[in-house]
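Read the structure below first, then the notes.
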Amino acid sequence: MSDEIKRATNIQNGTPTNFIRQIIDEDLKSGKYNGRVHTRFPPEPNGYLHIGHAKSICLNFGLAESYPGGKCNLRFDDTNPVKEEEEFVESIKEDIRWLGFDSEDRLYFASDYFEQMYEYAVQLIKTGKAYVDDLTAEQIREYRGTLTEPGKESPYRNRNVDENLDLFRRMRAGEFPDGAKVLRAKIDMSHPNLNMRDPVMYRILHASHHRAGDTWCIYPMYDWAHGLEDSIEGITHSICTLEFEDHRPLYDWFLDQLGVYHPQQIEFARLNLNYTVMSKRKLLRLVRENYVSGWDDPRMPTISGLRRRGYSPQAIREFAERIGVAKSNSVVDIALLEHCLREDLNKRAQRVMAVLDPLKIVITNYPEDTVEEMEAVNNPEDESTGTRTIPFSRELYIERNDFREEAPRKWFRLAPGKEVRLKHGYYITCNEVIRNDKNEIIELRCTYDPGSRGGWTEDGRKVKGTLHWVSAAHAVKAEVRLYENLFFAENPESAPDGGDFTANINPDSLKILKDCRVEPGLKNAKAGEYYQFLRQGYFVADAKDHSTDHPVFNRTVGLRDSWAKIEKKLK
RNA sequence: UGGGGCGUAGCCAAGUGGUAAGGCACCGGGUUUUGGUUCCGGCAUUCGUAGGUUCGAAUCCUGCCGCCCCAGCCA
C-alpha cells in the first residue's frame with residue numbers, strides 16, 4: 001500500500017480519525033439517525049472550565065462542524081441547585097465563545113425540562129418501574145450491598161402505584177423535608193452493576209435554583225436526567241468520559257422503559273496533563289487556599305487562566321486535535337501543549353525588544369546627542385506586518401546574562417574583546433568592564449562599527465552573536481511576570497510521605513521582575529495582545545493589571561533554548 | 001473475591017489478517033541579523049505476556065499479568 005493510500009485510511013479532510021468518528025460514519029452509512037449528527041456539550045455550572053473541558057468542547061463542536069448539517073448544543077446540566085451558580089454559567093459561555101465555538105440558537109438548560117422529566121417519572125411509576133422509598137440515605141447505602149455481595153430490597157419497594165403516585169406528588173408539593181423520601185427506579189437489587197440496584201431518580205432539596213428559583217423542591221439525579229435531556233434535544237451521539245461507562249446500561253434502561261427517542265452514549269478518556277492537576281476539587285483548593293490569585297491565575301489550567309497567560313484559542317484547538325481521542329487513560333506531556341502554542345504564536349506575535357535584567361552599555365565612539373531611528377521587522381514569518389522604527393543612542397541596555405567576563409566554549413554572546421551584533425542596530429565590541437565598590441558589574445564600555453548600520457556589513461565578517469537591546473533614554477519601564485509550571489513534580493498527586501498534592505507546588509512558579517525596560521512602542525500595548533520578546537519568549541499584556549502607566553507583561557512560554565542545552569552539556 | 005474498561009517507543013496515537021502511520025520529546029547536521037523559525041537525517045525486527053489457529057497475527061482464539069473506574073439523596 002502506498003503511503004498516500006495508507007494516510008487516506010485514517011485521515012479525512014485533514015482531520016485525524018478516531019473511534020467516535022468511525023461509529024458516526026457507520027451510523028451515517030446505515031441511516032441510523034437519518035443522516036443526522038447532533039452532539040452536545042453538557043457542563044454543570046459549578047466551576048470554571050479547564051483544558052480538559054476544552055478537549056471535550058473541541059470534540060463535540062468539532063464533530064458537528066465536520067459533518068454536513070452537524071449540530072452541537074450547549075446545555076447546562078443544572079440539576080443540583082446547591083452547587084450551581086449563575087457566575088459559572090457566564091464564565092462557561094464566555095470560554096466556549098473565546099475558543100471559537102458557537103451553539104447558535106441552541107443554548108439549553110436541563111432545568112427547563114424539569115416539568116417534562118416529572119411527567120416521565122409519573123409514567124414510570126404508573127408502569128410499576130419506580131417507587132417512593134422512605135429509607136434514609138444511610139440505609140439506602142447499606143441496602144445497596146457491596147461490590148461482591150448483592151443488595152437487598154427496600155421494605156417500601158412494593159408500594160402500589162396509587163400510593164407511589166400520591167407520595168411523589170406530595171414530594172413535589174413540598175410536604176416532606178429534605179432527605180425524607182426519594183423516588184427510585186425498580187430494577188434489580190442484586191445486579192452486578194451497582195448502578196442498576198434501584199438507583200435514585202429524585203431527591204428532596206428545598207433549595208433555590210439559580211434559574212428555576214423556588215419552583216421545585218425535588219431535583220432529578222444525573223442518571224435519570226441526562227438521557228432525557230439528550231432524548232428531548234434529539235442528540236444522536238452523547239459523548240462523555242470513561243467513568244460513565246458503567247452508567248450506560250442505566251442510560252439505556254430509562255430510555256427503553258419510557259419508549260422515547262434513544263441517543264447513544266459513547267465514552268472517551270478524559271485529558272490528563274503532567275505537571276498539572278485537573279480535578280475541580282483540587283483547582284478549587286488552589287484558589288481557596290490562595291496558592292494562586294484566582295480561577296484565572298496564569299498558572300491555572302483553566303481556560304480563563306490560559307487566556308490570561310497568553311494562550312491563543314487556536315493553539316488550544318490544535319492541541320486538542322493532536323492528542324487524539326481514545327479510551328485508554330493517558331497523561332499527555334505538557335510539552336505538546338507548549339509546542340502548539342509556540343507554533344501558533346510564531347506566526348502571529350509581533351516581535352519586540354525587551355530587556356528583563358538590564359545592564360547598561362555605553363558606546364564610547366558614538367556621538368553623545370545623536371538618536372538614530374533603526375528599522376525593525378515586525379514579524380519575519382509574516383511580511384504583511386511590515387516594519388517599525390526603534391531609537392538607537394549612545395547609552396543602551398542589554399540583558400545582563402548576555403555578557404560573560406569569561407566566555408565559555410561555544411559562547412558567542414558578549415565578552416571582553418568580543419564583537420556581537422545588536423539586532424537591527426550595529427556591531428559592537430566590548431572594551432571595558434565597570435564595577436561598583438561591591439565589585440558588581442554596573443556598566444560596559446563598548447565601541448561600535450559605524451559601517452555596520454542595521455546590523456550588517458558587506459565585508460563578509462562573521463558575527464554569530466545577536467543581542468536584543470533598548471535605548472536607555474527611550475525605553476519604557478515595565479513589570480514582567482515569569483511563570484513556570486505550578487508543580488515541580490511530573491505527577492503532582494504523588495507526594496512523598498503521604499503529603500497531598502500541595503506539597504508538590506513549585507515555589508518558583510512566579511517570578512516578578514519590576515525593573516524591566518521595553519522598547520518605546522510598547523507603551524501602546526493593549527491588554528491581551530501577544531508579543532514575542534526577541535530571543536526570550538512569548539509575552540502578553542496582562543488582562544487585569546496592565547496599563548499605559550504601569551505596563552505588565554506575562555510570560556506565556558519561553559522560546560526553545562538550544563544554548564541552555566549546550567551549556568548543560570558543557571558542565 | 002462482583003461488574004465495566006484499557007495495555008502499540010520516554011509521552012500521545014494510527015493500525016480492524018498481508019509484514020509497525022503521524023506528532024511531541026530526544027539525538028545528529030544544513031540555513032539563519034532571534035542559539036527562534038525552517039530544512040534534512042536518526043529514533044519499535046516488534047505491539048503487556050505465554051501458548052494456539054493461519055502460507056502469513058499488533059489484528060482471530062485461549063490462559064496469565066498489569067493498570068483504571070464503580071458501593072453520593074454529586075455530575
Side-chain angles (χ1 to χ4, degrees), chain A residues 1 3 6-7 9-11 16-18 22 42-44 46 77 79-80 82-83 133 135-137 140-142 144-151 178-184 191-197 200-205 219 221-223 225-226 240-249 267 269 274 280 321-340 342-343 346-347 351 353 377 380-381 410-413 421-425 427 452 454-456 463-468 532-537 558-567:
Chain A
M1 208 191 294
D3 285 357
K6 256 186 181 172
R7 276 174 58 83
T9 60
N10 63 355
I11 306 280
T17 191
N18 57 53
Q22 289 174 359
E44 183 191 13
N46 69 344
D77 201 6
T79 57
N80 185 358
V82 304
K83 289 190 175 177
D133 196 349
L135 253 30
T136 64
I140 286 180
R141 191 182 342 114
E142 285 162 9
R144 188 152 33 223
T146 69
L147 294 177
T148 50
E149 303 157 38
D178 287 5
K181 290 179 176 7
V182 291
L183 183 72
R184 290 231 254 173
H191 198 109
N193 179 343
L194 305 220
N195 294 125
M196 300 298 272
R197 319 240 262 229
V200 173
M201 295 164 63
Y202 278 94
R203 75 284 213 186
I204 300 172
L205 242 35
Y219 290 92
M221 299 288 291
Y222 171 87
D223 286 310
H226 205 87
C240 62
T241 46
L242 248 32
E243 66 270 27
F244 291 104
E245 222 155 8
D246 286 341
H247 296 242
R248 192 173 59 221
E267 310 85 14
N274 56 13
K280 276 186 186 172
E321 208 65 64
R322 289 207 201 183
I323 55 178
V325 179
K327 294 192 70 162
S328 59
N329 288 310
S330 60
V331 182
V332 175
D333 193 339
I334 195 147
L336 178 59
L337 213 210
E338 293 178 343
H339 169 82
C340 293
R342 292 190 185 102
E343 181 179 61
N346 178 50
K347 289 179 297 191
R351 272 61 170 172
M353 293 203 283
V377 173
E381 306 296 321
K410 294 188 179 175
W411 175 264
F412 40 85
R413 273 112 99 143
R421 168 173 32 246
L422 294 179
K423 178 87 174 176
H424 306 309
Y427 291 172
S452 63
W456 180 80
V463 175
K464 287 201 84 172
T466 301
L467 309 189
H468 59 277
Q532 185 197 99
F533 287 5
L534 228 55
R535 302 207 304 133
Q536 307 200 88
L559 254 26
R560 292 187 65 208
D561 186 355
S562 53
W563 165 246
K565 283 183 189 173
I566 293 168
E567 196 174 27

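Values in this document were obtained by computation on a predicted structure and should not be read as measured data. So you know, we letter chains A, B, ... as the sequences are listed, proteins then strands, and number each from 1.
Rounding to whole angstrom units, NZ of residue Lys423(A) and P of rU37(B) are separated by 14 Å. The CD-P distance, from Glu267(A) to rC6(B), rounds to 10 Å in whole Å.
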Each nucleotide N or O in nucleotides 27-31 of chain B that has a protein N or O under 3.5 Å away: list the pair and distance.
| unit_1 | atom_1 | unit_2 | atom_2 | d |
| --- | --- | --- | --- | --- |
| rG28(B) | OP1 | Lys569(A) | NZ | 3.0 |

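Every residue two or more places apart in sequence or in another chain that forms a side-chain contact (heavy atoms from CB on, under 4.5 Å) with Asp333(A) is listed here: Asn274(A), Ala335(A). For Thr466(A), the side-chain hydrogen bond (donor to acceptor under 3.5 Å, both in side chains) partners at least two apart in sequence or on another chain are Arg421(A). With sequence neighbours left out, the side-chain hydrogen bond (donor to acceptor under 3.5 Å, both in side chains) criterion links Glu381(A) to no other residue. For Tyr219(A), the side-chain hydrogen bond (donor to acceptor under 3.5 Å, both in side chains) criterion is met by no residue, not counting sequence neighbours. For the side-chain hydrogen bond (donor to acceptor under 3.5 Å, both in side chains) test, residues two or more places apart in sequence or in another chain that qualify with Lys280(A) are Asn46(A). Legend: residues meeting ring-ring contact (aromatic ring centres under 6.0 Å, His included) with Tyr427(A), ordered by chain and number and at least two apart, are absent. Looking at residues two or more places apart in sequence or on another chain, you find no ring-ring contact (aromatic ring centres under 6.0 Å, His included) involving His424(A).
No engagement by Glu149(A) is indicated, since no non-hydrogen atom pair under 4.0 Å with the nucleic acid exists.
The shortest distance between the side-chain N/O atoms of Arg203(A) and the OP1/OP2 oxygens of rA75(B) is below 4.0 Å. Proximity of Ser562(A) to the phosphate of rG36(B): a side-chain N or O atom is located under 4.0 Å from OP1 or OP2. Distances shorter than 4.0 Å separate none of the side-chain N or O atoms of Gln536(A) from OP1 or OP2 on rG35(B). Distances shown here put every side-chain N or O of His468(A) at or beyond 4.0 Å from the OP1 or OP2 atom of rU34(B). For Arg141(A) and rG72(B), the shortest distance from a side-chain N or O to OP1 or OP2 is below 4.0 Å.
Within 3.5 Å, no donor on the side chain of Glu381(A) pairs with an acceptor on the base of rU38(B), nor the reverse. A donor and an acceptor atom never sit less than 3.5 Å apart when one is taken from the side chain of Arg248(A) and the other from the base of rG4(B). Side-chain to base pairing of Arg351(A) with rU34(B): one donor and one acceptor N or O lie within less than 3.5 Å of each other.
Checking side-chain atoms of Arg203(A) against main-chain N and O of Val182(A) turns up no donor-acceptor pair under 3.5 Å.
RNA chain B is contacted by both Leu336(A) and Ile204(A); Leu336(A) maps to the nucleotide lying nearer its 5′ end (nearest heavy atom per residue).
The nucleotide whose nearest atom lies closest to any side-chain atom of Asp333(A) is, among rU37(B), rG10(B), rA75(B), rG10(B). Nearest to the side chain of Arg144(A), among rC24(B), rG35(B), rA71(B), sits rA71(B). Each of rC24(B), rC12(B), rA75(B) was ranked by its minimum atom distance to the side chain of Met221(A); first place goes to rA75(B).
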key: Letter per nucleotide, 5' to 3', of nucleotides 64-70 of chain B [B base touched, S only sugar-phosphate touched, - untouched; heavy atoms, 4.0 Å]   = ----SBB
